[in-house]
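Here is the structure we will look at, set down as structure tokens.
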Amino acid sequence: KKGRVPPSLWDAIEQKPRILTAGNYSEHIPRWKSIFGKEQIHFLFLSDIHNRPREALRRVCDWIGVKWESSWFSGVNQSVNTKSMPRSPFLANLVSHLVTKIHGYGLHSIVQIGKKMGIKKALYSKKENKITKMSEEEKRKLTDLYKEDINYVERETKKSMKSWRK
């Protein structure tokens with residue numbers, strides 16, 4: 001999104017392999033359990049947040065032992081951080097690295113000034129149609145690659161992940 005990787009999925013994966021390894025749930029979940037304990041892990045799926053946001057938030061409140069107050073979540077259906085693509089990947093990449101450096105020097109106020117000036121809005125388009133759609137072949141390759149991880153998540157959560165196989 002910030003122009004740090006090529007727009008092609010497989011070129012991006014070649015440049016940053018962690019894009020793929022982040023989805024190796026059959027490796028990550030057992031490690032999380034061993035570090036935090038099974039009782040400290042709660043699975044919440046993005047599709048649940050997207051399709052049933054109030055129910056998802058209520059489940060989180062129940063899980064952490066906080067009394068649900070519907071008034072807390074009056075903006076729950078409001079879009080935040082919607083998809084966007086850089087108008088110029090090169091420029092977005094340059095600015096992203098510059099911002100990282102500025103933060104590294106502790107000059108956070110400069111970044112805030114840039115945000116108030118609307119630099120991010122100038123760099124990124126809110127047009128979703130510019131976001132490259134994944135081809136059916138790419139979906140099939142990913143589904144095959146993550147088959148064991150999908151099966152693991154289904155067993156672990158007792159939830160069907162058929163949408164992950166599409």
Side-chain angles (χ1 to χ4, degrees), residues 1-54 56-134 138 142 145-146 149 153 164:
K1 174 178 161 179
K2 294 181 180 180
R4 292 182 180 161
V5 294
S8 157
L9 173 65
W10 300 106
D11 290 345
I13 289 168
E14 187 175 316
Q15 185 177 332
K16 296 194 182 280
R18 70 178 176 264
I19 292 171
L20 275 186
T21 59
N24 293 345
Y25 295 116
S26 61
E27 293 175 25
H28 299 308
I29 293 171
R31 185 177 65 251
W32 298 337
K33 284 179 168 182
S34 72
I35 294 169
F36 302 109
K38 184 178 180 174
E39 67 284 347
Q40 295 293 319
I41 297 174
H42 181 76
F43 296 100
L44 184 65
F45 296 96
L46 184 59
S47 59
D48 293 338
I49 295 169
H50 183 340
N51 297 329
R52 297 175 301 283
R54 286 187 180 278
L57 288 170
R58 184 185 304 258
R59 285 195 353 243
V60 169
C61 285
D62 290 346
W63 188 71
I64 63 174
V66 173
K67 183 180 177 206
W68 166 263
E69 297 283 340
S70 61
S71 62
W72 295 345
F73 306 106
S74 59
V76 75
N77 293 321
Q78 179 181 336
S79 292
V80 178
N81 293 332
T82 57
K83 296 177 189 174
S84 63
M85 290 296 287
R87 296 175 198 273
S88 163
F90 171 77
L91 189 56
N93 188 18
L94 180 67
V95 171
S96 177
H97 286 290
L98 179 62
V99 166
T100 301
K101 287 279 189 200
I102 291 170
H103 277 304
Y105 291 121
L107 303 171
H108 309 293
S109 59
I110 292 174
V111 174
Q112 292 306 315
I113 291 168
K115 286 181 180 180
K116 287 179 183 175
M117 290 173 54
I119 291 174
K120 186 174 181 178
K121 286 181 183 177
L123 286 173
Y124 291 91
S125 165
K126 291 289 185 186
K127 296 179 182 173
E128 287 192 35
N129 60 353
K130 286 191 172 185
I131 295 174
T132 306
K133 299 288 183 194
M134 195 180 305
E138 287 173 323
L142 287 173
L145 183 70
Y146 288 122
D149 294 287
V153 170
W164 288 13

Residue pair L20, L142: steps toward the side chain to side chain contact (heavy atoms under 4.5 Å, CB included) verdict: CA-CA 9 Å; L20 275 186; L142 287 173; 3.7 Å; yes
Surrounding [atom1] of [X] (heavy atoms of other residues, nucleotides or ligands, distance under 6.0 Å), is the total greater than 12?
{"X": "H42", "atom1": "NE2", "answer": "yes"}
{"X": "E14", "atom1": "CD", "answer": "no"}
{"X": "R18", "atom1": "CZ", "answer": "no"}

Residue pair F43 / V153, side-chain heavy-atom distance below 4.5 Å: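 Heavy-atom side-chain distance check fails, nothing below 4.5 Å.
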Euclidean distance, [Y] [atom2] relative to [X] [atom1], rounded to 0.5 Å:
{"X": "L98", "Y": "H103", "atom1": "CG", "atom2": "NE2", "value": "10.0 Å"}
{"X": "Q112", "Y": "K116", "atom1": "CD", "atom2": "NZ", "value": "7.0 Å"}
{"X": "R52", "Y": "S47", "atom1": "CZ", "atom2": "OG", "value": "7.0 Å"}
{"X": "R59", "Y": "D48", "atom1": "CZ", "atom2": "CG", "value": "5.0 Å"}
{"X": "L145", "Y": "I13", "atom1": "CG", "atom2": "CD1", "value": "8.0 Å"}

Side-chain donor or acceptor of Y146 paired with backbone N/O of W164 under 3.5 Å: no
N/O donor-acceptor pair under 3.5 Å between H50 side chain and F45 backbone: no
Audit row: V111, L107, side chain to side chain contact (heavy atoms under 4.5 Å, CB included) steps and yes/no: CA-CA 7 Å; V111 174; L107 303 171; over 6 Å; no
Parallel, tilted or perpendicular, as decided by the 30° and 60° cut-offs, for the rings of W32 and Y25: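 Ring orientation of Y25 relative to W32: perpendicular.
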Nearest heavy atoms of W63 and E39, plus distance in Å: CZ2-O, 3.6 Å
